[in-house]
There are 2 protein chains.
Amino acid sequence: MTERAPMAERIMAAADRLFYQKGIRAVGVDTVAAEAGISKRSLYDTFPSKDALVAAYLRQRIQPLPPSDLPPAAQVLALFDQLHVRFAHGDFRGCPFVNAVTELAEDCETARAIALDYKEDRRRHIASLLVRAGVRDPEVLASQIALLFEGAIASMLVRQDAEVALQARDAAAVLIRAAET
Amino acid sequence: MTERAPMAERIMAAADRLFYQKGIRAVGVDTVAAEAGISKRSLYDTFPSKDALVAAYLRQRIQPLPPSDLPPAAQVLALFDQLHVRFAHGDFRGCPFVNAVTELAEDCETARAIALDYKEDRRRHIASLLVRAGVRDPEVLASQIALLFEGAIASMLVRQDAEVALQARDAAAVLIRAAET
DNA sequence: TGCGTGTCACACAGATCGGTGTGCCGCATC
DNA sequence: GATGCGGCACACCGATCTGTGTGACACGCA
């Protein structure tokens, strides 16, 4: 009764908000425990170390993309519109996976592995859509569109301007069009 | 005689290496002083705070691009080849400005301002080349190519694969070609 | 009623953080 | 030789870091 949500979930909710918003290195475990409304002791009973907590935070950030009934090429472009919306929401702080690799620097083996999984999943998703769209070289084109996506995220982070998402989408549209027939 | 290089330069050389390679938050002032071969006291006599040291580190990272006699469109594409070379060099750790904004998170006002200056300079440089190349919408195209550049950097950081630079270059070539005539 | 469990608050360890104060030493200049 | 000064070593400050140990309290269950 005292626990509305299970311990691990409450911790993860706090860790997600704090790590993403303020940065992994900038947030101590005390802060996470306080935000979760639990004691540091309970946190360490649930996660053996901060590294494990960070890994769980990143793994939790991997979410499957919702299915769509748009035509495949439009689905690819819609990814950029979703990015545009996400940024306008105000709490955008870049890609948590890239951020983790950046922050952890020389201690980012685990983070990099998780980031690679995520990026590769997304690239494959784009590639499968492009195959259905019948374009030439769908694998390479998927990588290039993923680059535009990544670039839009990084640029939004420093420029604080959502418009780059639309510029990226337009560029992606040009690339797709150039690969048609 | 004891000082082969002036104090500030020795500090900056150490700070540049450490901040870029290991991250700003991950490196303390003691480490910088030790790497520079000076005392922490002397460091604080030269830079009033770590924030000032970080700002100097970032400002020093802004370097003018060398002139080139290639045709303008080729110069734009050459930027990606240079990125490819830089990555192959082995000590690539992403864009120091984006990294600083990522690491400093909520305390990144100064870093973001410097990053914006740098990114805008580079975008303008690309735009002026595109104007000379006579393409349509050179300003927008410059932004889109800058996005590819940013995306290549972020992707190299997590994938550790220099090939993305060439994929980005190819995509840029397609965008430029689509904007010709 | 008594026991076990889960969680709490709290204090602590040892390290590191950014930043400062102090006193000494080598050296150049007068 | 005296003086001043730049740089050094070193100790220290309070705060924070990750991680642990402890003892108490509240609860479910027998």
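Just so it is clear, the structure is predicted and the values come from calculations on it, not from any experiment. Note on naming: letters A, B, ... go to the chains in the order of the sequence lines (proteins, then strands), and numbering restarts at 1 for each one.
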* Asked: How bent is the helix from dT1(C)-dA30(D) to dC30(C)-dG1(D), comparing axes over its five end pairs at each side, to the nearest 10°?
  ->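 So the angle between the two local helix axes works out to 10°.
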* Asked: Can you find a pair of side-chain heavy atoms, one from Ile126(B) and one from Phe149(B), that are under 4.5 Å apart?
  ->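 No, too far: nothing below the 4.5 Å cut-off.
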What integer distance in Å separates [X]:[atom1] from [N]:[atom2]?
{"X": "Ile11(A)", "N": "dC8(C)", "atom1": "CD1", "atom2": "C1'", "value": "14 Å"}
{"X": "Arg41(A)", "N": "dT22(D)", "atom1": "CZ", "atom2": "C1'", "value": "9 Å"}
{"X": "Met7(B)", "N": "dG7(D)", "atom1": "CE", "atom2": "C1'", "value": "7 Å"}
{"X": "Asp45(A)", "N": "dA9(C)", "atom1": "CG", "atom2": "C1'", "value": "14 Å"}

* To do: Give the intermediate values and the outcome of salt bridge (charged side-chain N to carboxylate O under 4.0 Å, His left out) for residues Glu106(A) and Lys22(B).
  => CA-CA 6 Å; Glu106(A) 290 175 337; Lys22(B) 301 181 193 294; 3.2 Å; yes
* Asked: Can Arg61(A) be said to sit on top of Tyr20(A)'s aromatic six-ring, NZ or CZ under 6.0 Å from centre and within 45° of the ring axis?
  ->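 Yes.
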Atom pairs, protein N/O to nucleotides 17-19 of chain C N/O, distance under 3.5 Å:
from, atom 1, to, atom 2, distance (Å)
dG18(C), OP1, Lys50(B), NZ, 2.6
dG18(C), OP2, Val29(B), N, 2.8
dG19(C), OP2, Tyr44(B), OH, 2.9
dG19(C), OP2, Lys50(B), N, 2.7
dG19(C), O5', Tyr44(B), OH, 3.4
dG19(C), N7, Lys40(B), NZ, 2.8
dG19(C), O6, Lys40(B), NZ, 2.2

* Taking only residues at least two apart or on different chains, which pairs with a member in residues 150-179 of chain B satisfy side chain to side chain donor-acceptor pair (under 3.5 Å)? ->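 Passing the test, one end in residues 150-179 of chain B: Asp81(B)-Arg169(B), Lys119(B)-Glu150(B), Arg122(B)-Glu150(B), Arg159(B)-Asp161(B).
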* Short side-chain N/O contact from Ser42(A) to OP1 or OP2 of dC8(C), under 4.0 Å ->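 Result: yes.
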* **Identified side-chain contact (heavy atoms from CB on, under 4.5 Å) partner of Ile11(B) from the options Asp16(B), Val29(B), Thr46(B)** =>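 Between Ile11(B) and the candidates, side-chain contact (heavy atoms from CB on, under 4.5 Å) is satisfied uniquely by Thr46(B).
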* **With Leu130(B), the side-chain contact (heavy atoms from CB on, under 4.5 Å) member among Ile176(B), Asp137(B), Val140(B)** =>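 Single side-chain contact (heavy atoms from CB on, under 4.5 Å) partner of Leu130(B) among Ile176(B), Asp137(B), Val140(B): Ile176(B).
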* **Single-linkage hydrophobic cluster Val158(A)~Leu148(A), side-chain heavy atoms < 4.5 angstrom** =>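 Hydrophobic grouping puts Val158(A) apart from Leu148(A).
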* Asked: Is there a path of hydrophobic side-chain contacts, each under 4.5 Å between heavy atoms of I, L, V, M, F, W or Y residues, that connects Val98(A) with Leu147(B)?
  ->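 Not linked; separate clusters.
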